[in-house]
There are 2 protein chains.
Amino acid sequence: MADADNHTNCPMDPLLRAVTGRWTTYILWRLVQEGSLRFGELMGLVPSISAKVLADRLRMLERNDLLIRTQKDTIPPEVSYELTEDGKALHASLKGLHLIALDWRARGWQLDEGFPETTDSGVREQEPA
Amino acid sequence: MADADNHTNCPMDPLLRAVTGRWTTYILWRLVQEGSLRFGELMGLVPSISAKVLADRLRMLERNDLLIRTQKDTIPPEVSYELTEDGKALHASLKGLHLIALDWRARGWQLDEGFPETTDSGVREQEPA
DNA sequence: GTAACTGGTTACATTTCGGTAATCGGTTAC
DNA sequence: GTAACCGATTACCGAAATGTAACCAGTTAC
């Protein structure tokens with residue numbers, strides 16, 4: 001998909017896909033804050049993420065040289081993750097989006113993904129017979 | 001999902017989800033370039049998008065006040081779309097991501113999403129019996 | 001002997017996403 | 001009568017993303 005699927009040739013597409021999965025930006029954020037975190041620490045910091053998805057995200061970020069995985073072969077093992085310079089740069093590049101996000105949130109904006117079951121008023125226009 | 005699912009409370013999450021679907025950034029880009037476009041024009045400009053997905057994207061952006069749909073009830077109908085100020089601001093906020101995307105692309109970076117079927121060497125480590 | 005520790009992997013189920021093809025509505029052109 | 005026009009919607013399907021739960025390894029503590 002990485003290339004054959006680059007229909008639009010939009011340069012942001014691959015970065016967006018790198019950043020877009022659920023919790024990914026939050027993981028980046030935490031790693032920027034804390035510098036280095038172990039797997040279990042991330043499990044605790046990212047609310048309700050599963051080990052599977054966390055591992056998926058970390059391996060994906062590692063494959064793309066956005067973070068580095070360091071393993072100590074002690075028993076039990078100790079594995080920690082930290083961002084590379086590219087990873088930090090990626091996070092920094094989200095600054096603009098972050099600012100506008102804060103602004104919109106302050107203005108009460110919320111994403112409407114279009115699930116009508118959350119509209120509770122029940123009152124809707126009736127077609128005249 | 002819009003709120004109950006905001007697990008991380010990361011302010012960027014909803015914006016990222018607004019921007020993330022396939023072709024969404026490209027649609028924003030085109031609307032910024034052209035100012036106003038009709039449905040059929042967008043169909044032509046966005047390569048290989050289907051009417052269904054284009055309609056999905058447009059309705060989603062409209063629901064979130066990122067673009068405005070204008071319909072003339074002629075026969076055949078004429079419908080055009082243009083970004084709101086918020087829509088333009090959202091697009092502008094992707095500037096940082098755009099810059100880093102250009103830089104990385106120039107450096108040869110490509111997203112590796114991890115599908116091993118594209119690695120054609122066939123040679124992989126064998127377990128010693 | 002068995003549970004806990006850490007950092008995962010695996011199989012499976014469910015949910016969501018995107019793609020294809022058919023259809024609609026009202027009018028005009030053939 | 002029927003095809004084209006435009007802007008969709010609908011039903012259906014397969015693929016991809018995500019969630020859940022069980023399990024693994026090697027050692028220590030009980």
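Here is the naming used below: chain letters follow the sequence lines, and residue numbers restart at 1 for every chain.
Protein atom CE of Met60(B) is 15 Å distant from nucleotide atom C1' of dG18(C), rounded to whole Å. Note: CD (Glu62(A)) to P (dG7(C)) measures 14 Å, nearest angstrom. Note: CG (Asp56(B)) to P (dG7(D)) measures 17 Å, nearest angstrom. Between the CG atom of Leu45(A) and the C1' atom of dG7(C) there is a distance of 16 Å, rounded to whole Å. Spacing between atom CD1 of Ile49(A) and atom P of dT20(D) amounts to 12 Å, rounded to whole angstrom units. Rounded to whole Å, the distance from OH on Tyr26(B) to P on dG18(C) is 18 Å. In this entry the distance linking CD of Glu78(B) with P of dG7(D) reads 7 Å, nearest Å. Atom pair Leu54(A):CG and dG19(D):P shows a separation of 12 Å (rounding to whole Å applied).
The backbone N or O of Gly114(A) sits less than 3.5 Å from a side-chain atom of Asp112(A), completing a donor-acceptor pair. The main-chain N or O of Leu16(B) is found under 3.5 Å from a side-chain atom of Thr20(B) such that the two form a donor-acceptor pair. Proximity of a side-chain donor or acceptor of Ser93(B) to a complementary backbone N or O of Ile100(A) within less than 3.5 Å is not detected.
Nearest nucleotide to the side chain of Tyr81(A), out of dG19(D), dG8(C), dG19(C): dG8(C). Side-chain proximity of Trp23(B) to dC12(C), dT6(C), dG19(C): nearest is dG19(C). Comparing atom distances between the Pro76(B) side chain and each of dG8(C), dC6(D), dT20(C) picks out dC6(D) as nearest. Of the candidate nucleotides dG7(D), dT27(C), dG8(C), dT27(C) has the atom nearest to the side chain of Ile75(B).
Applying the side chain to side chain donor-acceptor pair (under 3.5 Å) test to pairs two or more places apart or on separate chains, those with a residue in residues 28-37 of chain B are Tyr26(B)-Arg30(B).
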message: Let's go through Glu62(A) and Asn64(A) carefully: what are the C-alpha distance in whole Å and the side-chain angles of both, what is the deciding distance for side chain to side chain donor-acceptor pair (under 3.5 Å) to 0.1 Å, and is it a yes or a no?
response: CA-CA 5 Å; Glu62(A) 193 191 3; Asn64(A) 290 290; over 6 Å; no

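With DNA chain D read from its 5' end, the first of the two nearest nucleotides for Pro77(A) and Thr20(A) is the one closest to Thr20(A).
Phosphate proximity of dA8(D) to Arg59(B): absent, as no side-chain N or O sits under 4.0 Å from OP1 or OP2. Residue Arg22(A) places no side-chain N or O under 4.0 Å from the OP1 or OP2 atom of dT16(C). Considering only side-chain N and O atoms, Arg69(B) lies nowhere under 4.0 angstrom from the phosphate OP1 or OP2 of dG7(D).
A heavy atom lying under 4.0 Å from DNA chain D marks the following residues of residues 29-40 of chain B, by number: Arg38(B), Phe39(B), Gly40(B).
At a threshold of 4.0 angstrom between heavy atoms, the contacts of Gln71(A) with the nucleic acid are absent.
Glu85(B) has a carboxylate O that lies under 4.0 Å from a charged side-chain N of Lys88(B), or vice versa, which qualifies the two as a salt bridge.
The shortest non-hydrogen separation linking Met12(A) to Leu94(B) is SD-O, 3.7 Å. Across all non-hydrogen atoms, the minimal contact from Leu15(A) to Leu90(A) is CD2-CD1, 3.7 Å.
With hydrogens and angles left out, the side chain of Lys52(A) and the base of dG19(D) share a donor-acceptor pair within 3.5 Å.
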